[in-house]
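Each remark here refers to the structure printed beneath this line.
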Amino acid sequence: MPAWKRFKKNKLAVVSLVFLCLISMMAVFAPVITTYSYDEQNIEQRLETPSRQYWMGTDMLGRDLYSRVLYGARMSIAVGVCTALFSLVVGTLLGALAGYRGGWTDHLVMRGVDLFYIFPSLLFAIILMMFLGRGFVGIILALGATAWVTQARLVRAQVLQARELAYVEAARAMGVRSIPIIFRHILPNLWGPIIVSLTMQIPSNIMAESFLSFIGLGLQPPFSSWGTLANEGFRAMRSYPHLIIFPGTILFVTMLAFNYLGDGLRDVLDPHNREGVIS
Amino acid sequence: MFTYSIQRLAIAVPVLLLLAALTFFLLRLAPGGPFDGDVVWPPEVQANILKKYELDQPVHIQFTHWLGDVVRGDLRESFQYLGRPVREIISDALPASLFLGSMALLLACASGITLGAVAAWKQNTWIDHTAMFVAISGISLPTYLVATVLILIFSLWLDWFPPALWDEPGSAVLPIITLAWRPLAMIARLTRTMMIETFSADYVRTAYSKGMSESAVVFKHVLKNSLIPVITLLGPITASLVTGSFLVEIVFQVPGIGKHFVQAVINRDYPLVMGVTLVYGVVLILCNLAVDLIYAWVDPRIRLKG
């Protein structure tokens, strides 16, 4: 059965995919579908509970929470996707080189992988954030600096197997050099596991960004991401629970959707992968 | 196994050195310094302060001096808490963090394995679906939201446990559950997958055909063999407990080293950041070694070669 048909049977994964498309569209078109801007302050209407005018209420500066959640989605999803792409490119390149070339290339890359694998990536990210500054690019680099490791491990393991397969040997026998073999012959056959790991990476990046923002090392105000919103909401949680409930719920549902989608894709595209279970 | 451990510990030294160097240089190169407060010092005073803390020297010389002090067992004094040695700050804060971490690990293992095992045993029933929803929500909920939900329900609404602070036995409950939530989910998911795989093994069929009762098969054969891969999870879990503790300690006001770490990075308290990073490095290396040794011990097929 083709992969798409099998995937369609998994209701939860399909619903998740639809939800994720929807929320991404809402994030992209945030300026069109919101009445207020994310930084428009209205001091007379601070901390209002949800009403017809403000669907999700207003925050302590009188800003429309609905707008801030949508603009926050923009930031969070963009960070998640860009970091995943960054680590996809870096991790795939390094992993493929290490796996195919072996020898000291492999040694060098894998020692780097070991280092980042033992130590909590957020520990590095916190230190890197100081260095790179609290901007969009800074966050992506700080998270990407360690996120490539998972990808590199995965690709290396796959390349090690593929290296011994007949079609690669045939290409080598025909005199094709290493770089074209990696890019034209090996990597195109690995798209399944790569897509799966990409789907699994996005939510963990979104989570990592929201962690940094929550402890006050992420994006700077007035920009909002789901993490900064949760941070603001957490402080006011006693008296104004709507400030944490709305961004929190949407973040939770998005994470849930990514995880269900990832599980569904893994069952279809990469059925032997066990490691994805833990991430 | 003894030679293996010694070798692993020997490799740990350059790893720690690399970690320390990386952190040290990144911190020094990052914009902003520890004494960049609101007060503008006269240039002479500024120069004197920098001189006292050797901050006027080139970074690599600062690093070698610092390393020399560390080898002699001196982690220097904190910038932020003037006059307090970093070693003292860490030894005051470490017990709380270790207690929190080990209790969370115990809770996560005990409930994660139970949850995963029950789910696998009752595969595709409502029990399985509920257990797996709990597990996937543990992976999807950021730690601070777990904390928020727990505080909202158990402190503000039911008033069972205090929402923060660290002064009575009850105050440890919510931080431990928060910290354990994510590892619990990871363990439950892997246990379930492994058990379902083991259920189809030949020796399980043999056990059933010998007439063993279902519970005996599940506990003696399936569970025992499924737990071996779960042990490998303990490495990533220790790492996740460390990061989790940053947040849990901030949110619940636990006087542990995670809270110090974040605060010290923000305040550019170089000696404290370096001290805490080293402690984390040592703890993580020891935990990973322990995981490998336990793994080899429970699974005789694995031979650790020196």
Side-chain angles (χ1 to χ4, degrees), chain A residues 12 111-112 114-133 200 203-204 206-211 213-217 226-227 230-231 233-234 237-239 241 244-245 247-249 251-260 262-263 274-279, chain B residues 11-12 15 18-19 22-23 25-27 29-32 133 136-137 139-145 147-149 151-152 156 163 186-187 189-190 192-194 197 229 232-233 235-244 246-247 250-251 261-262 265-266 268 273 276-277 280-281 284-285 287-288:
Chain A
L12 223 46
R111 291 296 80 75
D114 285 348
L115 184 70
F116 287 121
Y117 200 67
I118 295 181
F119 292 103
S121 46
L122 281 168
L123 203 148
F124 282 110
I126 288 174
I127 295 168
L128 276 175
M129 279 308 288
M130 294 286 106
F131 184 62
L132 297 164
M200 301 277 195
S204 57
I206 294 181
M207 199 100 109
E209 185 279 326
S210 79
F211 171 91
S213 294
F214 187 85
I215 61 173
L217 287 169
W226 286 335
N231 179 331
F234 183 79
M237 158 174 96
R238 266 164 215 271
S239 321
I244 184 107
I245 288 172
T249 312
L251 174 59
F252 173 54
V253 176
T254 309
M255 292 295 107
L256 211 56
F258 267 115
N259 280 319
Y260 279 129
D263 278 1
R274 224 183 255 154
E275 203 157 314
V277 174
I278 64 166
S279 61
Chain B
I11 299 174
V15 171
L18 193 62
L19 175 79
L22 208 65
T23 319
F25 284 94
L26 279 174
L27 271 178
L29 294 174
F133 181 77
I136 205 162
S137 76
I139 292 169
S140 308
L141 265 176
T143 312
Y144 55 83
L145 283 183
T148 309
V149 173
I151 294 176
L152 276 177
L156 301 186
M186 289 158 72
I187 294 177
R189 269 159 73 92
L190 190 63
R192 178 177 176 275
T193 313
M194 293 318 302
E197 219 163 88
T232 50
L233 257 190
I237 282 180
T238 334
S240 118
L241 285 178
V242 168
T243 10
F246 296 164
L247 218 133
I250 292 174
V251 167
F261 179 74
V262 176
V265 170
I266 293 172
R268 302 285 195 280
V273 175
V276 176
T277 311
Y280 281 138
L284 288 162
I285 285 175
C287 286
N288 275 286

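To find a chain, count down the sequence lines: A is the first, B the second, and so on, and within it residues start at 1.
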Given heavy-atom pairs under 4.5 angstrom as the criterion, report whether the side chain, backbone, both or neither of [X] touches chain A.
X      : answer
B/L22  : side chain
B/R268 : side chain
B/V242 : side chain
B/I250 : side chain
B/I187 : neither

Original post:
Using a cut-off of under 4.5 Å for heavy-atom pairs, which of B/L241, B/T148, B/L145 has the most such pairs with chain A?
Top reply: B/T148
Original post:
Between B/F246, B/F133, B/Y280, which has the largest tally of heavy atom pairs under 4.5 Å with chain A?
Top reply: B/F246
Subject >> side chain to side chain contact (heavy atoms under 4.5 Å, CB included) evaluation trace for A/F211 with B/T143 >> reply: CA-CA 8 Å; A/F211 171 91; B/T143 312; 5.9 Å; no
Euclidean distance, [Y] [atom2] relative to [X] [atom1], rounded to 0.5 Å:
X      : Y      : atom1 : atom2 : value
B/I266 : A/L217 : CD1   : CG    : 4.5 Å
B/I136 : A/M255 : CD1   : CE    : 12.0 Å
B/R189 : A/N259 : CZ    : CG    : 6.0 Å

Original post:
Are side-chain heavy atoms of A/S210 and B/Y144 found at a separation under 4.5 Å?
Top reply: yes
**OP:** Side-chain contact test, heavy atoms from C-beta onward, threshold under 4.5 Å: evaluate it for B/S140 versus A/F258 and give yes or no.
**Re:** no
Original post:
Which atoms form the tightest heavy-atom contact between A/L251 and B/P142, and what is the distance?
Top reply: CD2-CG, 3.5 Å
**OP:** Pick one of side chain, backbone, both or neither for A/F124, based on which atoms fall under 4.5 Å of a heavy atom in chain B.
**Re:** side chain
**OP:** Can you tell which part of A/I206 gets under 4.5 Å to a heavy atom of chain B, answering side chain, backbone, both or neither?
**Re:** neither
